[in-house]
2 protein chains.
Amino acid sequence: MINSPKSEADLLERCRGIAGRTLAELASRVGWRVPTEPRRAKGFTGQLLEECLGATAGSKSVPDFERLGVEMKSIPVSATGSPLESTYVSTTTLVDHLGLTWDVSRVRKKLARVLWVPVQSRPIPLPQRRVGSALLWSPSADEEAVLRNDWEEHMERIRLGMVETITGRDGDVLQIRPKAADSKAQTWGIDENGHRFRTLPRGFYLRPTFTSKILRQNFRLPG
Amino acid sequence: MINSPKSEADLLERCRGIAGRTLAELASRVGWRVPTEPRRAKGFTGQLLEECLGATAGSKSVPDFERLGVEMKSIPVSATGSPLESTYVSTTTLVDHLGLTWDVSRVRKKLARVLWVPVQSRPIPLPQRRVGSALLWSPSADEEAVLRNDWEEHMERIRLGMVETITGRDGDVLQIRPKAADSKAQTWGIDENGHRFRTLPRGFYLRPTFTSKILRQNFRLPG
DNA sequence: AGGGATCCATGATTGGATCCCA
DNA sequence: TGGGATCCAATCATGGATCCCT
């Protein structure tokens, strides 16, 4: 385990140290093996980057770089730098939303300060994928406004007991989608009559169009 | 043949007279039959609307409403009002571009004043498609800037003899695509050495993202 | 050929399902 | 269960091909 970065400048310096490297090279540095089956490799890239950069959180509900208040997000990109997948933000609270506002929400906290690390993805085989240039980002006023609007609309529907009516098509930039081992997983929700019932766990995700804008506005990529 | 409108107000009044009507109803008014095979019906809607509104141009290179300087464009929309197809603007000049600038271009002239008439499209059968609310539009400064930029980039490539390298992917809002009976049709172009050669006729088209913005900014539709 | 456009196969997108680790 | 995410079948978007009329 590598020690954690002392400052944002330290963190960015470490990012420059992994930029351009393949995942095989990075795994070798920390003595990890690279999974061979793609389906079994979900999450591997993010966890490898955390290890390489000295992230602290593990599966705790605190920022990856706790001292710095920085969340790290690896982001799979195409050959031209476009995000290929949505970005998971956090699980969605389906019960106990009393007093839960945007200002104190986990989504806002997680996105307050993010280290975006682009990594090549399909069709390049996992070991040969290269890490790109990292970006430290906080949402602009406009970006936070649209995030907040989506979050509030989603949470309003959940408060009304309508969580089951929410699909991945809802939300301009912030989606709610299943976040579970499979479609039979169950957690507790609140129905229209205020009664507890079993439902599929959900998570908040950022659409690729949103993360694409973040990357492009900061790197001036083509397209 | 109906007489031509005397003013923009007259034209818009006639549009209100066809809004909400089906193509079967309008065809009946002017004594036309409605084609049954969709592949054989390309252009039918536009020509029917011209007839109903008293357009004058036929296949001449002048505005549909010549006296008013107004071009009519029917635009096929989905159930939610989104354009389903790109919009043809004009054929592309592949030879004799001396002195051809944006200011005197056919694209600029055609788009200077446009009557957009949304009409329902797939999956509704042709006779049952309904005409929507028409919109008289001129490009904003921003819209003209992006149109001009696309047009100039396309024409520069054509001047360099590179017309064959242009694909439908080029241009932010204004595309160049084939405009011909089939892929074997031929017209004259100029190659990299300034020599005439046979090539596929092309046309300028507006992307659905562009026309969608026009419709939405004026009707405040959902989505 | 120019004006009126849409067709539709195929590539791009994506939302529901799924997978690993602690 | 929460954090790290990607997989991939089904849907959407679109660009090259095509069709009618004068």
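A, B, ... follow the sequence lines: proteins, then strands. Residue 1 opens every chain. On a predicted model such as this, the values are computed, not experimentally measured, just so you know.
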What I'd like to find out is whether the side chain of [X] reaches to under 4.5 Å of the side chain of [Y], using heavy atoms alone.
{"X": "B/V119", "Y": "B/V77", "value": "no"}
{"X": "A/T167", "Y": "A/D170", "value": "yes"}
{"X": "B/L206", "Y": "B/L147", "value": "yes"}

Specify the separation, in whole Å, of atom [atom1] of [X] and atom [atom2] of [N].
{"X": "B/R207", "N": "D/dA13", "atom1": "CZ", "atom2": "P", "value": "14 Å"}
{"X": "B/R33", "N": "D/dC20", "atom1": "CZ", "atom2": "C1'", "value": "10 Å"}
{"X": "A/F44", "N": "C/dA22", "atom1": "CZ", "atom2": "C1'", "value": "17 Å"}
{"X": "A/L174", "N": "C/dG15", "atom1": "CG", "atom2": "P", "value": "13 Å"}
{"X": "B/E51", "N": "D/dC21", "atom1": "CD", "atom2": "P", "value": "14 Å"}
{"X": "A/D182", "N": "D/dT1", "atom1": "CG", "atom2": "P", "value": "12 Å"}
{"X": "B/W32", "N": "D/dC20", "atom1": "CH2", "atom2": "P", "value": "15 Å"}
{"X": "A/L200", "N": "C/dA17", "atom1": "CG", "atom2": "P", "value": "7 Å"}

Straight-line distance of A/E37 CD to A/L126 CG, nearest 0.5 Å:
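Nearest 0.5 Å value for the CD-CG distance: 12.0 Å.
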
Could you state the interatomic distance from CG (B/D150) to CZ (B/F210), rounded to the nearest 0.5 Å?
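Going from the CG atom of B/D150 to the CZ atom of B/F210 covers 9.0 Å.
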
side-chain N/O [X] vs [N] OP1/OP2, d < 4.0 Å:
{"X": "B/R40", "N": "D/dC20", "value": "yes"}
{"X": "B/K110", "N": "C/dG4", "value": "yes"}
{"X": "B/T187", "N": "C/dA1", "value": "yes"}
{"X": "A/T91", "N": "D/dG3", "value": "yes"}

Would you list the protein and nucleotides 5-9 of chain D atom pairs, both N or O, that sit under 3.5 Å from each other?
{"unit_1": "D/dA5", "atom_1": "OP1", "unit_2": "A/S74", "atom_2": "N", "d": "3.0"}
{"unit_1": "D/dA5", "atom_1": "OP1", "unit_2": "A/S74", "atom_2": "OG", "d": "2.9"}
{"unit_1": "D/dA5", "atom_1": "N6", "unit_2": "A/Y205", "atom_2": "OH", "d": "2.8"}
{"unit_1": "D/dT6", "atom_1": "O2", "unit_2": "A/K42", "atom_2": "NZ", "d": "2.9"}
{"unit_1": "D/dC7", "atom_1": "N4", "unit_2": "A/E85", "atom_2": "OE1", "d": "3.1"}

Other residues, nucleotides, ligands: >12 heavy atoms within 6.0 Å of A/D96 CG
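It does not: A/D96 CG has 12 such atoms or fewer within range.
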
Take atom CZ in A/R122; do more than 12 heavy atoms of anything else shown fall under 6.0 Å from it?
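Counting other residues, nucleotides and ligands, CZ of A/R122 stays at 12 neighbours or fewer.
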
Please list, pair by pair, any protein nitrogen or oxygen found under 3.5 Å from a nitrogen or oxygen in nucleotides 9-11 of chain C.
none

List the atom of [X], the atom of [Y], and the distance in Å for their closest heavy-atom pair.
{"X": "A/W102", "Y": "A/V107", "answer": "CZ3-CG1, 3.8 Å"}
{"X": "A/G99", "Y": "A/V104", "answer": "O-CG2, 3.8 Å"}
{"X": "B/Q175", "Y": "B/G168", "answer": "NE2-O, 2.9 Å"}

Once the angle between the rings of B/F44 and B/W32 is folded into 0 to 90°, is it parallel (under 30°), tilted (30 to 60°) or perpendicular (over 60°)?
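Judged by the thresholds at 30° and 60°, the geometry between B/F44 and B/W32 is tilted.
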
With a 4.0 Å cut-off on heavy atoms, is B/E37 in touch with a base, just the backbone sugar-phosphate, or nothing at all?
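It contacts nothing in the nucleic acid.
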
Estimated bend of the helix from C/dA1-D/dT22 to C/dA22-D/dT1 (axis per five terminal pairs, rounded to 10 degrees):
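Result, rounded to 10 degrees: 50°.
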
Face-on cation placement of A/R113 at A/W137 ring, 6.0 Å and 45° thresholds
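Cation-pi check for A/R113 and A/W137: fails.
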
